[in-house]
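Taking it in order: structure first as structure tokens, then the write-up.
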Amino acid sequence: MTTTAAHIVEVAIPLPLEGHFHYLVPEPLVPRALPGTRVLVPFGRRKLTGYLLGSAPAAAGELKEILDVLDEAPLFTPDELEFYRWIANYYLHPLGEVIKMALPAGINLVSRYRCETAEDGTPVIREFLAGGRNVRLERFYAALPDPPVKPRGKGLEILEYLEYLRESDESAEVSGADLRARFGPCTPQLNRLVELRAVRTAEHEVYRDPFKTQIFGKDQALELNEEQKAAHGRIAEALRAGSFAPFLLHGVTGSGKTEVYLQSIAVALELQRTALVLVPEIALTPQLVGRFKRRFSCGIAVLHSGLSDGERYDEWRRIRRGEAQIVIGARSALFAPLSDIGIIVVDEEHEGSYKQSEGVRYNARDLALVRGKQAGAAVVLGSATPLITSFYAARQGRLGYLKLPNRVRELPMPATQLLDVRGKKGLTFLPELVQAIEENLDVGGQTLLFLNRRGFATYLVCEDCGHVMRCPNCEVTLTYHRGKGRHICHYCDYSLPAPSVCPTCKGKEITLLGRGTERVEEEVQERFPLARVARMDRDSTKGKGGHARVLKALEDGSVDILIGTQMIAKGHDFPGVTLVGVISADASLNLPDFRSSERTFQLVTQVMGRAGRGDRPGRVLVQTLAPEHYALSHAVAHDYEGFYDQEIAFREEVGYPPFAHLAALTFSGIDSRQTEQSAQEAARLLRKIKGEVRLRVEILGPVTAPLGKVRGRYRWQILVKGRERSELHRVLFHLRGSFSHPSTIRLVIDVDPVEML
DNA sequence: AGCACGCCGACT
DNA sequence: GTCGGCGTGCTC
């Protein structure tokens, strides 16, 4: 046995590189070089932070030595590492980058170079390390007994205050920031007090608490109805059993899902376990955090991308130290360093915002199941309109199915009606909708008008030659935004000033076809001049608080009619809304995406759910060119089962399996001669698939010819959106004849992990 | 990702 | 003559 063998470690580097690297650990660092710590390593001619994975048995070649161990204690546990490895493997992403993404931002050291001028005037390049931890230290003050001398003036006031505190608590300390808040600027006085030995001082780490100044009241568990009790009972039973148990909580809008979450979490806490709650958007966290703070007296941490690096790091440390038992946040909260998780809630599990689409591409809804499995936790996927995938998994018995078919407090579901707009294309509102809005205004109810198209006109046609204005990059039609006075591409943000001349015939007459929210807002104002009208979409809510401002106006009743895009469909609870009008349900129905029916059903159901949540019943009118489409007919009938049955049948028929989030293509055991054939077959299949496709391409075997950008890699993945389909064809083209020996190419698609657990 | 090495075009 | 363009290759 050699002594050095034990001192070889495996290190993951946060760079887009396959594989890990091995280093020697110098003797003095051995006790500190634990798995889960960050280490500073020489890498090429740079110094980088890597993550120590564990000891390695032996390694070939010359090894470099670790320069330093950067942490006193591991940042991640073996369990967490296992989770990171799962992610790296599933999403084909380097482990080092996965770990970096999972840990709070801004704590890594990297070498940088700086040009300095030496004393003799010659420039020198100095290497230094940038980045690093981000702990806030604050100075605390406490009175000492029997001060030898007392100052006068403000100094005396401060001293008397500190002495007063000391009487009730020997160890009472006050931060400099608190003293300055109380006494105004007083740094010189404080320094003087320390100098006089009347006050002692110490530095402590402090947390930056995003909710510090808010005061929360207390509330109590609400009475559950029968279905809520049944759902809660099954979750509680699973928690007591203590093993992995995934559930789909299918509760109609307004059915009280949150109360089920709260009471289930209470059970987990009683069992001394912790809880993780994921919400789709930052905008929804404050509302929910308030509700949790009123209900629970334990530590609650919040994690989302709206926090500063410092705040996030502080919340992370609180969680790691076990000072928070509940974590609430957006998708990145999935990586909260909670120990012994008992329950993971994924609220509005159907929301697309659970997908991370930059860097490590992951879906927090999927990974919640994986983390839950590893932790032996209950995982509750909650939604009024679950993913087809989830519903299918529930049917197959892979997810426990918990149903809340009724609204709480015996509120009825809104009365709904489809309005056929065929042959009435010029009208924004059919007479029935106009009348319903008038009636609703008369009785003082609020109205939501939903249209999933921003801007003023969505289709710009030249009167003279019929040319349609399109984006030169994306081929999509340009949308006219009256507010900005520009023609804008909603795909890439390319824009032209308006009014524009026709690019082909230089004609000046451009007809504005198609309606966006801007035009609907204008029409509503013309038609209902006395109504107070507001608009909510990406354009009208730009900047911080824009979103909250519109919602506040709706809440306090200063808006009668709100026009908006899907933003208005999301989980807000406004008791004053009694009428919902869908201007056109067709925009989302005709998107080139194999999930357009699913999306439309979800969107229409969600927006319908905003109606009648208060004391008065709600009414919904849906205008469409396709009233017999099953997504719409089932939505307005509140017939979930019917819709899911039909959609699952459709998926099976067209070959988009209902257990896959994306479409599936698998090619295995292909040798060089079959490659061309398979590329052609893949291209043919891909033409049939609409929407987004993520392909994992694995080549097992030697690659002998250049493969464009992917040369030298044996595994990679490509995400292909509709308009990038040609990019995939290019890659597949490159695959042809690239293998001198029989190889295996597998093109695999994302499958819901619940199918694999 | 960086950073070096290397091999060709337009510059003081 | 060399400065710098980015193609290619490597990092324990």
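A note on names: the letters A, B, ... follow the listed sequences, proteins ahead of strands, and every chain is numbered from 1.
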Rounded to whole Å, how long is the line connecting atom CG of A:Leu63 with atom P of C:dT11?
12 Å
Take A:Arg312 and A:Leu303 through the test side chain to side chain contact (heavy atoms under 4.5 Å, CB included) and record every step on the way to the result.
CA-CA 6 Å; A:Arg312 199 188 326 211; A:Leu303 286 174; 3.7 Å; yes
Roughly how far, to the nearest 0.5 Å, is CD of A:Glu315 from CD1 of A:Ile328?
10.5 Å
Heavy-atom neighbours of A:Arg538 CZ exceed 12 at 6.0 Å:
no
Quick one: label A:Pro42 by what it contacts on the DNA or RNA (base, sugar-phosphate, nothing), any heavy atom closer than 4.0 Å.
sugar-phosphate
Could you state the atom-to-atom distance from CG of A:Leu15 to P of B:dA1 in whole Å?
9 Å
Would A:Tyr84 and A:Tyr51 count as a ring-ring contact (aromatic ring centres under 6.0 Å, His included) if you check the C-alpha gap in whole Å, the side-chain angles of each, and the deciding distance to 0.1 Å?
CA-CA 12 Å; A:Tyr84 303 152; A:Tyr51 304 98; 8.6 Å; no
Spacing between A:Phe21 atom CZ and B:dA1 atom P, to the nearest angstrom
14 Å
Separation of atom CZ in A:Arg46 from atom P in B:dA1, rounded to whole Å:
11 Å
When rounded to whole Å, the CG to C1' distance for the pair A:Leu40 and C:dC12 reads 14 Å
Would one find a side-chain N or O of A:Arg45 under 4.0 angstrom from OP1 or OP2 of B:dC3?
no
Within this structure, what is the CG-to-C1' distance between A:Leu48 and C:dC10, rounded to whole angstrom?
13 Å
Quickly work out the A:Leu67 CG to C:dC12 P distance and round it to whole Å.
11 Å
Rounded to the Å, how far apart are A:Leu24 CG and C:dC12 P?
12 Å
Using a heavy-atom cut-off of under 4.0 Å over every strand shown, decide if A:Tyr23 touches base, sugar-phosphate, or nothing.
sugar-phosphate
